[in-house]
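Report on the structure given below.
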Amino acid sequence: MHPYRTHTCGQLRATHAGVPARLSGWVHRKRDHGNLLFVDLRDHYGITQCVADTGSAVFGVLDDAKLETVLTLTGKVVKRSAETVNPNIPTGEVELRVEEAKVESAADALPLQVNSDMDYGEEVRLKYRFLDLRREKVHRNIMLRSEVIASIRRRMIEQGFTEFQTPILTASSPEGARDYLVPSRVHPGTFYALPQAPQMFKQLLMVSGFDRYFQIAPCFRDEDGRADRSPGEFYQLDFEMSYATQEDVFAAIEPVLAGVFEEFAGFNKDKPWTVTKPPFPRLPFEEAMLQYGIDKPDLRNPLVIADVTEIWRGTGFKIFAGAIEKGAVVRAIPAPGGAAQPRSWYDKLNEWAREQGQGGLGYIVFEAGAGKGPIAKFLDEARTAQLKAATGLKDGDAVFFVCNPKDQAAKFAGEARIRIGRELGLYETGCFKFCWIIDFPMYELNPDTGKIDFSHNPFSMPQGGLDALDANDPLTIKAFQYDIVCNGVELSSGAIRNHRPDIMYKAFAIAGYAKEQLEAQFSGLLNAFKFGAPPHGGSAPGIDRMVMLLANEPNLREVVAFPMNQQAQDLLMGAPAPVDEKRLRELHIRLALPAKKA
RNA sequence: GGGGGCGUAGCUCAGUCGGUUAGAGCGUCGGCCUGUCACGCCGAAGGUCGCGGGUUCGAGUCCCGUCGCUCCCGCCA
């Protein structure tokens with residue numbers, strides 16, 4: 001007999017009755033009846049009830065074993081009597097009558113209970129992550145992650161992509177987030193950087209003629225954490241295609257994403273969620289900012305914001321009319337069925353708006369063919385009708401107004417849209433709603449310096465190419481730059497790249513970079529583009545965020561095996577940590593720590 | 001760097017207006033129990049109320065500071 005097991009803890013069925021079996025696993029739970037003892041033995045595959053009574057030589061061993069002790073139990077598989085079958089577990093028709101018991105590894109009293117789905121504090125969970133990972137929910141999430149990644153690999157290869165590895169120790173990139181730096185021992189005073197993404201390498205692979213690249217790529221960014229953003233490191237499905245238009249990129253990745261989401265849409269859910277069918281809706285950035293007030297709209301929320309500036313222009317409501325004369329806009333957020341809400345509901349939203357630093361949240365309620373509410377009287381019948389038409393509302397509905405300079409108005413209307421949608425329970429449930437946000441602006445005005453900056457990736461191809469850069473106001477130029485969004489989560493951003501040095505020099509010149517600067521900072525890529533570069537583009541959906549969505553978890557730590565905390569510390573391994581003076585000397589590093597506060 | 005929330009037994013939490021000996025569940029330890037499956041019953045141990053200072057006759061509770069965790073803003077080409 002195998003020293004540890006003949007079957008797993010999830011394997012035995014009624015058909016095994018009578019056969020000898022050996023199981024190894026953790027003591028999941030014990031039910032001690034004094035003269036009769038049940039031990040639920042658990043491994044990766046399942047749970048099997050094992051039983052011994054006082055007469056048995058093994059009774060003492062089982063009785064002494066604390067929860068999470070690792071045991072090897074040998075005995076006979078016995079069919080349970082009809083009344084004692086447990087229909088809740090797959091092995092519930094049988095039990096193991098224990099004849100031999102060996103303790104492989106005893107467990108101390110536990111800092112967190114493995115056999116419970118109780119919520120624990122992050123500190124305990126992360127410090128004892130190996131115990132947390134034994135618990136059913138996280139264990140299943142990590143398995144889901146593995147299966148999702150396997151599915152992605154299969155689908156990408158089927159689409160004709162080739163998987164590559166790219167360097168982890170590489171050069172610091174001047175744009176973007178802060179880099180993680182690694183000091184060089186051999187070259188005093190110099191540093192490697194961990195890649196924020198394999199951006200340059202995948203473009204170089206295109207220039208090298210590999211045509212279709214992908215990688216489940218680790219990315220490192222020294223930025224602060226959020227629920228949907230791990231501090232330090234995360235993974236992307238990084239891909240890039242040669243001779244591809246924006247539509248080619250969409251057509252290549254949509255079936256992969258839709259396929260993966262459909263494959264796992266039933267995970268942990270009563271009924272599989274529906275998934276947007278390709279082609280996914282395309283929303284120009286301008287339109288998204290107007291209609292949703294955000295560049296990552298959650299389309300499960302059906303509310304659509306409308307611009308009603310003209311309706312309020314020149315009215316007696318001087319707060320709006322006056323602001324409009326100074327260039328402000330008015331955005332309307334519909335609240336279908338809002339007339340049924342009590343006055344206090346409107347007051348509460350108003351109060352929330354003021355907490356957000358806004359003047360308030362004006363509103364009109366449509367009842368009996370007319371507008372009601374504090375500011376309704378400023379709109380005549382014609383304008384009220386226009387308002388109803390613009391927002392698509394009818395009697396029984398309400399509408400809220402945000403009046404501000406354009407960007408602020410869009411942003412706050414977006415926040416109000418989310419809040420109103422939630423409070424009215426309008427969100428569609430049981431679905432993954434995808435969309436592309438396209439036509440991002442190439443440049444934006446830096447409000448602090450008044451200077452023109454790149455608004456996203458400086459290596460994106462401007463729409464219209466060199467002619468557009470030469471002829472147009474930079475702030476009107478769009479880039480072949482796109483994001484993919486699912487349920488309000490930004491899964492990725494991507495672009496058709498700028499593969500032409502002449503366009504690149506011009507694009508950087510507009511953002512105030514001299515030719516020499518560009519050549520100094522990006523010589524590798526620029527040089528490569530001087531020897532025949534295929535037009536190319538791609539994207540990089542976040543793996544962790546995809547798994548988070550599929551697992552229906554509110555934060556990334558639930559789908560990462562060994563996450564860091566918000567302060568970018570690994571509590572299990574104790575990282576980051578000081579190093580010996582000797583090692584610092586080897587690296588030619590002397591610490592200059594900030595003064596301790598008194 | 002900034003703002004909000006939280007911090008009480010190993011763990012999850014309760015703790016009223018500032019007032020007697022700080023409680024519960026789970027876990028741990030001891031006892032009882034031969035068909036449970038979140039077994040049940042009886043009992044016990046276990047507390048720097050995050051830390052420091054202050055107000056008060058009296059502080060888990062109020063105030064100030066500080067540390068930790070978390071959510072958010074900044075940051076994220």
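Every chain is numbered from 1, with letters handed out A, B, ... down the list of sequences.
Under the 3.5 Å distance criterion, with hydrogens and angles disregarded, no donor-acceptor pair is assigned to the side chains of Y513(A) and E519(A). Of the N and O atoms on the side chains of T48(A) and E95(A), not one donor lies less than 3.5 Å from an acceptor on the other residue.
Comparing A24(B) with C69(B), their C1' atoms are spaced 24 Å from each other, to the whole Å. Taking atom C1' on both nucleotides, G25(B) is separated from U8(B) by 15 Å, rounded to a whole Å.
The side-chain ring of H33(A) is stacked on the base of C39(B), judged by centre separation under 5.5 angstrom and plane angle under 30 degrees.
No donor-acceptor contact under 3.5 Å links the side chain of R31(A) to the base of C33(B). Residue side chain E68(A) does not reach the base of G27(B) through any donor-acceptor N/O pair under 3.5 Å, judged by distance alone.
Counting non-hydrogen atoms under 4.0 angstrom, Q196(A) reaches nothing in the nucleic acid. Nucleic acid contact for V85(A): base, since at least one base atom lies under 4.0 Å from a heavy atom of the residue. Within 4.0 Å of E122(A), counting heavy atoms only, lie sugar-phosphate atoms of the nucleic acid but no base atom. N115(A) comes within 4.0 angstrom of no nucleic acid atom, judged by non-hydrogen atoms across all strands.
Where A109(A) and F38(A) each meet RNA chain B at their nearest nucleotide, the meeting point lying more 5' is that of A109(A).
Between R226(A) and U70(B) there is no side-chain polar atom (N or O) within less than 4.0 angstrom of OP1 or OP2.
Between H7(A) and H16(A), the ring planes are perpendicular. Angles over 60° get that label, and only those under 30° would be called parallel.
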